[in-house]
Undergrad: 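Starting off with a structure, shown below.
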Amino acid sequence: TPGRCRKGSFLQFCAERLSAGAATDFFSDEVRSVVWVGDIVSILASLARDGVSPQSAGVYNMGGPERVTRVEVAEAVAAQGGYDAPQLIRPV
């Protein structure tokens with residue numbers, strides 16, 4: 001994330017804990033569907049441009065094609081940052 005969110009993101013939390021060398025518990029049974037922000041922007045732009053009909057109005061859930069656990073996200077952050085995942089990431 002280029003800037004800081006008012007409420008830190010999970011990715012920022014992972015990066016902060018890993019960079020501090022702090023061993024941290026991460027849930028292995030909590031699943032997310034990570035999505036690229038560019039995809040969300042495209043969907044919202046399409047809705048704004050084309051409008052929403054009464055038949056398609058409602059709540060939309062937008063997620064990526066893969067399910068990943070919090071452990072897997074933390075491991076990906078560790079790999080990207082060059083951190084020692086086995087020492088710092090404790091699956092619970």
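For this chain, numbers begin at 1 and follow the sequence in order. Side chains included, hydrogens not; waters and symmetry mates left out as well; all remaining heavy atoms used. In this text the structure is predicted, and so the values were computed from the model without any measurement.
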Undergrad: Quick one: list whatever passes side chain to side chain contact (heavy atoms under 4.5 Å, CB included) with Thr24, sequence neighbours left out.
TA: Phe13, Arg17, Ala22, Phe26
Undergrad: Mind listing the side-chain donor-acceptor pairs of residues 85-92 below 3.5 Å, one per line with the distance, residues two or more places apart or on another chain?
TA:
| unit_1 | atom_1 | unit_2 | atom_2 | d |
| --- | --- | --- | --- | --- |
| Arg90 | NE | Asp25 | OD1 | 2.7 |
| Arg90 | NH2 | Asp25 | OD1 | 3.2 |

Undergrad: Do you reckon Val34 sits in the same ILVMFWY cluster as Ile40, going by side-chain contacts under 4.5 Å, direct or chained?
TA: no
Undergrad: Provide the full list of salt bridge (Lys or Arg N to Asp or Glu O under 4.0 Å) pairs with a residue in residues 52-62, sequence neighbours left out, each pair given once.
TA: none
Undergrad: Using atom types as modelled and distance alone, determine if a side-chain donor or acceptor of Ser42 lies under 3.5 Å from a backbone N or O of Gly38.
TA: yes
Undergrad: To the nearest 0.5 Å, what is the distance between CG on Leu47 and OH on Tyr60?
TA: 6.0 Å
Undergrad: Which residues pass the side chain to side chain donor-acceptor pair (under 3.5 Å) test with Glu66, sequence neighbours left out?
TA: none
Undergrad: Within a reach of under 6.0 Å around CZ of Phe27, are more than 12 heavy atoms found that belong to other residues, nucleotides or ligands?
TA: no
Undergrad: Is there a path of hydrophobic side-chain contacts, each under 4.5 Å between heavy atoms of I, L, V, M, F, W or Y residues, that connects Val35 with Val31?
TA: no
Undergrad: For Arg67 versus Glu72, what's the shortest heavy-atom pair and its separation?
TA: O-OE1, 4.1 Å
Undergrad: List for me each residue that meets side chain to side chain contact (heavy atoms under 4.5 Å, CB included) alongside Gln80, sequence neighbours excluded, and say none if there are none.
TA: none
Undergrad: Mind checking whether Tyr83 and Val68 sit in one hydrophobic cluster, side chains of I, L, V, M, F, W, Y counted as touching below 4.5 Å?
TA: yes
Undergrad: Drop me the distance from Met62's CE to Ser33's OG, to the nearest 0.5 angstrom.
TA: 12.0 Å
Undergrad: Report yes or no: do Leu11 and Val37 belong to one cluster of Ile/Leu/Val/Met/Phe/Trp/Tyr joined by side chain heavy-atom distances under 4.5 Å?
TA: no
Undergrad: Identify, with sequence neighbours excluded, every residue that meets side chain to side chain donor-acceptor pair (under 3.5 Å) alongside Gln55.
TA: Ser53
Undergrad: If every non-hydrogen atom of Thr69 is compared with every non-hydrogen atom of Ser28, which pair is closest and at what distance?
TA: CG2-O, 3.2 Å
